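When reading the values below, keep in mind they use all heavy atoms of this one structure, side chains included, and skip hydrogens, waters and symmetry mates. Computed from a predicted model, the values in this text were never measured in an experiment. Order of listing sets the numbers, starting from 1, for every ligand and every atom in it.
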Amino acid sequence: MPKDVTDVICPFCGTLCDDLIITVSDDNKTILGVKNACAIGAEKFNHQRQPGRVKRPRMRQADGSYKEITYDEAIDWTAKMLVKSRKTLMYGWASTSCQAMSIGHEIAEKVGAIVDNCATVCHGSSLIAIEDVGVPSCTLGEVKNRADRVIFWGCNPAHAHPRHMSRYSIFPRGFFTAKGHKGRKIYCVDCRYTDTAKVADGFIQVQQGFDYELLDAFRTAARGEALPDTVGGVPKEKIIEVVEDLKSGRFGIIFFGMGLTHTMGRNHNIDIAINFTRDMNDYTKFAIMAMRGHWNVTGSGQVLGWQYGFPYAVD
Ligand code: SF4
């Protein structure tokens, strides 16, 4: 008889939905169905049934074909390769557990390897900024239960984190927040009108590459100082209106994505966003959080951080 496994965590986008129900075959070998996941999360599980999936270690042969080998053979070959190598790059890590990472890092230390993870090409610049200036952040549970001002800056969760808005940031009723837009004011800052912008109360279209200048203008407006007529294509009246509305909220949160981390300014975009968050705490409670992706990439940074003091690119 097929059976349901409940409270399964989805290993895809970093929203880490933990309410999935996975139906498995009697022998536990085949995933037969997925409930509660979004389309991309469901696809991750259903992919298990696809033909051609690599289930055992394989060794490339001289003619270019692959031959299945045992785990013992694979481990033996890899250990010898690591010992013989002059400099190994051990890259990736985001698709495995924190425990596996910590053991992998110890191996890297023994063989003198460089360890790096996918943050190099996504939120690594956020981590540099956080090391530089700290980060006033919170949990997603606090966002769900308390946030009445939500800003999505340079991110598009409607596509990249599909259940983020329904689980935490826009639609759920929280302990201190009403359901949906009644209890929250949503802003989207982006250079494009995205599907996330469509569900926001306010869309602020920033000229591409001018996020730093606009965040600087937000800080200036928060202090009540003079602004030029437009900054990054946004009129000063709009900047003042948004900042005053943010100040009037009880709990604000900035979610930021790669529109900030991988545009001109990179880590400096993040450190000024963090400093704006800090400024806003003079008026109300405010927090900031990266829209991380790729399952456990956050775990990789955390484990490298507690083992070696740096979250990525460790030699
Ligand atoms: S929102 Fe993300 S974590 Fe949740 S089900 Fe979809 S892909 Fe998985």
Could you list the donor-acceptor pairs under 3.5 angstrom formed between side-chain atoms of residues 97-104 and any protein atom two or more places apart in sequence or on another chain?
from : atom 1 : to   : atom 2 : distance (Å)
S97  : OG     : A100 : N      : 3.2
S102 : OG     : Q99  : O      : 2.9

Report, one line per pair, each donor and acceptor closer than 3.5 Å where one atom sits in a side chain of residues 74-83; sequence neighbours left out.
from : atom 1 : to  : atom 2 : distance (Å)
D76  : OD2    : K80 : NZ     : 2.9
T78  : OG1    : A74 : O      : 2.7

Test log, rule ring-ring contact (aromatic ring centres under 6.0 Å, His included), inputs Y193 and F203:
CA-CA 8 Å; Y193 188 65; F203 172 55; 5.2 Å; yes
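S125 and H262 share no side-chain donor-acceptor pair at under 3.5 Å.
Partners of K185 by salt bridge (charged side-chain N to carboxylate O under 4.0 Å, His left out), not counting sequence neighbours, listed by chain and number: D245.
Inspection of the environment of atom 2 (Fe) of ligand 1 yields the following protein N, O or S atoms under 2.8 Å: C13 SG.
A donor-acceptor pair is defined here as one N or O able to donate and one able to accept, closer than 3.5 Å; such a pair exists between the side chain of R184 and the backbone of I170.
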